[in-house]
Each structure stands twice: as structure tokens, then as C-alpha cells.
Amino acid sequence: MDFELRAAREKLEREQRESKEKARIKAERERNAKIEAQRRRDAIEAAQSIRRLEAAEAQSMANQQMEENLLAGDGVAFFRLLESVPYQGHGDKIKLPASAFTELSDQGALDKGPMFFELSKIHQEGSLGHDNHGKTHSGVLEFTANEGFVELPPHVWNNLFSGLSLNSPLVEVRYVRLPKGTYTKLQPDRMGFSDLPNHKAVLETALRQHATLSQGEILSVNHGGLSFNLKVLELKPSSSVSVLETDVEVDIIEADSGSSNVQTVLIPLSLGKVETGFVEEGQYNYYKFSIDENIHKRMISNNMNIKVKLEVNMNSGDNDLYVSRHPILFPTQHQHQWSSHDLGSKVLILGAKDLSVVIGTYSIGVFGFKGSSKYHISVTLQENTINRKLGEMAVSSSSQVDGDSEECGNCHRFIPSRSIVLHEAYCRRHNVTCHHDGCGVVLRKEEASKHVHCQKCGQAFQQEEMEKHMKVFHEPFPCPCGVFLEKEAMVVHQGSECPLRLIMCRFCGDMVQAGAGPLDVRDRLRGLSEHESLCGSRTAPCDSCGRAVMLKEMEIHRVAVHPKN
């Protein structure tokens, strides 16, 4: 009996303990659920609070951005994030989508004058790039870009992305107003820019394709086949200015002498002084010398010539010599006035009677045709003895012909009759005449095998010179305008026919590309280029009658209407 009571009591106690444990677990679960619910409510409230703060901050930033845009745009707020794509153009004018024109027009931006934009690149992490390497300014060319895109010319692309080839990077485009520039300081990347003829006119022509300048950006200036990169070091009155319809004072400082870039510089040569140089294969070394009024008078009065001499050691390599007068600043293989392609040392004579030899500056180009070589170059003034020697030869020949003489049947020289038989026997045994049309030169038999004629032009050369002659004169060369011509034709083409050649416009005075021939037949007869035909169509008042007359018709107008004046 006691055993059964004890078992029942233990069972009851056990059931009570289990019931209490279940109640405790349930209470703890409910308490944890309440804590978790409270934590979730607190998290939701915190997230909502953060969102409210972020929204307020975003609204504040948007308001601040709007105020900045309104301030920068003088009452016009335009701000967009666009994907950038390059296009081949000149200057700094970008292309925007048509919707941008509508937005700007609705805000009256067209009435405020030329439109300028600040462009900032977007970094990979999403922040805006407001450093000197990630921001520039531009004008606008047209509103023809696809929606969501902005098209950038090479100048803007290179200054914005430092030349990196990115795949449609995002760009922040913001409308701004810029003050007119009054001063700029530029520094070219290499020597030689100041040697350009009318280099400030060349720079002015390049700036006409730009609407803005920003401090720290690189400005590219092309002159024929030359290209210079000028860094904008300083601007006034602001770090970014407009260059439209304003006179800007330009200060050009010398290039950094420690630059690693290949420097193209004209080394001055003094008459009678020998300079030593070294040139690599395929490279040029450039020199310059001047003919002033005194030297030119001496050349004309004393019948003297300018002698350009290049001494080369053939064991080390072979060079070519090119000479030209400004505005051909750096003479090349296919753009020069005088040249020498002889093997070994070379001499060029600039005659006093040559109409192209006038007072001015002349450029010399030493081209490494084959191998690397050391050379000595000099420019001297020497007496013209050619005419005197020709006169002496003429007197000597006439005296021989007038006397008792006979013509040799082999070399066709006039020999005294008393020795004609011995001469002909010796001449036929040792000499031979070249039978090429128009040649007839008498050669030693051992040298006749080396005497050859070019199959294309017929000129006579030694056998070892033929390979160079064919490469230099008959190998087609591409012109930047797209045509392929041989050397002689290329010299003529680039001097008077190429639409990309540089000329000085007779109306505006700038160094410009000639362009193709004008459409107007009368302008062709006047000898005007395409640029001059358009530039000369501008009108100006006549000094005598005040009528507005086209510049290209002004001379005809004066002769026809004001013959007395």
C-alpha cells in the first residue's frame, strides 16, 4: 500500500514539474517573441527614419544642385547624366540629344548667347569626377545625338578621359555661363612651335574651332604634317573661359627641356661653320640658316652661290639632304624645294640667279635613309665658277675645231689629225659608248657594266645607286589626302595641288588648308583656293564710295568704278 501511494505521489510531482517546465518554456517563448517583435518594430522604425533622412538629404542636395545650376547657368538649370561616345570632329563642340534643345529653349538659354557646358566624368565607384583630369568645358555643335547619349570630339574626349578607351562612360553634362577670356599662357610639349611661320596665326586658326578653354587641358595644334600639344597653364579672368568673339592675349613659354618627347627643333647654322650630327635610320635632323639683305646683295653682285654640303661616312650608313624655304618648315622626302640623294657626301648649290633664292629663312632636313650615321654639315658662300669654266671650255673646244682636227668615230671628240689614228685605235680598245636613247656617254669598258639606266625615267646611274633610286623616286607614297604618287609627282602635288596643303589666305591672312578647287569658274581663273573663294565672299565697304563689295571683287571694283584712284 505504501509503495502504491509513493508511486502515485512521485507521478504527481513529475507531472507538476513537467507542467511547470512547459509553462516556463511557453512564457520564455512568448517573451522572446515579444522581444523579437519589438526589435523588428525598432528596425523598421530605424530604417524608415534613415530613409526619411536620406530623402531629406537627397532633397537638400537636389535643391543645392538646382541652386548651383541656376547660379552657374545664370537662371538656366540643365543637368543630365549621359553616356558618352566619340565622333570624329574638330574643336571642342559636342553633340547633345534633341530633348536637351527643347529643355534649354524652354528656359530661354538661346536668348543668352552661346551655350557652354561643364562635363565631368563619373568614376567607377559612382562618385562624380570633379578633378582637373575629369572635368572640362565645351560648346555645342548640334542637337542630333541619340537620346541618353552625348557625342564628344577627340579634343574633349582626350581631356576628359586622358585618352583611355572606355566603353561609353557616363558623363555629367551641366549648362554653365563662362566669362570671356582675356589672357592665356600656353606651353608646347616639344621644341619647334615658335619656329612655325606665323605661329600665332596658326594658333589663332586652331582656336577658331573652339568655344572654351580650361586650365590644365591640352590644346592640339596641327600645321601640315606637324602636331603640337599645348598645355593651358593659366587663364584670366577665370580658370575656364569663353574664346568666342573676344581678343585673348596669348603668352607662349618654351617647352620643358627635360621632356622625354622627341624634340623637333631647327638648329641654327652659321655661314662657314661646320656642325656635326648623328641621325638614326628613318629619322630627321633639322637645321636652319638665313639669307639676309647683305648676303643676298653679295650673291647677286659678286655672282656667288650658297653651298650646302653634307659629308657622310658610307661605312656607317646613308643620308639624304633636303632644303626648303619657309613656310615649308620641316622639309621631308615629299615636301621640299631642293634635294640630293647621291650615295655618300652630298652638295646642293643654291644659285644666285635662281628666282626662288630670296631673302629669308631656309630649312635643312637630314634624313637617315639607311642605317645610323654620323655626318658633318655646313653652309658656305662660294664664288660661282661654273660660267667661267664653261667659257674656258668653249674657247678651248672652238680652237680645236677650227684647227686641223677630225672627229673620233668612237667618242665623237675632235682630235688633231696628226694623232687621230692612234687615238681611235686606243679609244676603241678601251672605251665604249652608251647606246641608250639620249645618253651617248663614253665609258671605260671595265666601267660599262656598272652603267645602267632606269627603265621608268631613263636616268643614268651606277649599278649600286639603282636600288636607292627606285625606292626614292618610283616607290608610290601615300598623301594624307588619299592619293598615291611617286616622288616627283608627290612634290608637285603637295606643293600646289593637295587640298590639305597650307596656304596663307590673301583675305584673312591665316595659315589655312587650301581645300579643293572652288566651284565658281571665275574664282578658278583668279587662282583662288576653296578657302579663299569662301573667305573672299565676305563684304567690306569701298574706301572711295562706301559700297559693300566682296573682298575678292574689290580690285576689279576699284579699277572699273574708280580708275582715277
Revision key, fill the gap. Note: Glu151 and Ala145 closest approach over all heavy atoms is OE2-CA, 3.8 Å
Revision key, fill the gap. Heavy-atom closest pair (Pro154 atom, Gly89 atom, distance to 0.1 Å) is CD-O, 3.3 Å
Between [X] (side chain only) and [Y] (backbone N and O only), is there a donor and an acceptor less than 3.5 Å apart?
X      : Y      : value
Ser138 : Ile94  : no
Thr246 : Gly181 : yes
Ser84  : Pro169 : yes
Asn305 : Lys307 : no
Asp92  : Val156 : no

Practice item. Determine, using ring centers only, whether Tyr287 and Phe289 are less than 6.0 Å apart. Key: no
Exercise for review: Answer with yes or no after comparing the ring centroid distance for His562 and His557 against a 6.0 Å cut-off, counting only values under it.
Suggested key: yes
Using distance only, find each side-chain donor-acceptor pair of residues 518-527 under 3.5 Å and give its atom names and separation, not counting sequence neighbours.
unit_1: Asp520; atom_1: OD1; unit_2: Arg522; atom_2: N; d: 2.9
unit_1: Asp520; atom_1: OD1; unit_2: Arg522; atom_2: NE; d: 3.4
unit_1: Asp520; atom_1: OD2; unit_2: Arg522; atom_2: NH2; d: 3.1
unit_1: Asp523; atom_1: OD1; unit_2: Arg526; atom_2: NH1; d: 2.6
unit_1: Asp523; atom_1: OD2; unit_2: Ser533; atom_2: OG; d: 2.6
unit_1: Asp523; atom_1: OD2; unit_2: Lys552; atom_2: NZ; d: 2.7
unit_1: Arg524; atom_1: NE; unit_2: Pro518; atom_2: O; d: 2.7
unit_1: Arg524; atom_1: NH2; unit_2: Pro518; atom_2: O; d: 3.3
unit_1: Arg526; atom_1: NH2; unit_2: Glu553; atom_2: OE1; d: 3.2
unit_1: Arg526; atom_1: NH2; unit_2: Glu553; atom_2: OE2; d: 2.9

Check your understanding: Is the closest side-chain heavy-atom distance between Pro499 and Glu530 below 4.5 Å?
Key -> no
**Study point:** Validation row: Glu204, Val250 side chains within 4.5 angstrom (heavy atoms)
**Key:** no
Check your understanding: When you check the side-chain N and O atoms of Ser324 and Gln337, is any donor under 3.5 Å from an acceptor?
Key -> no
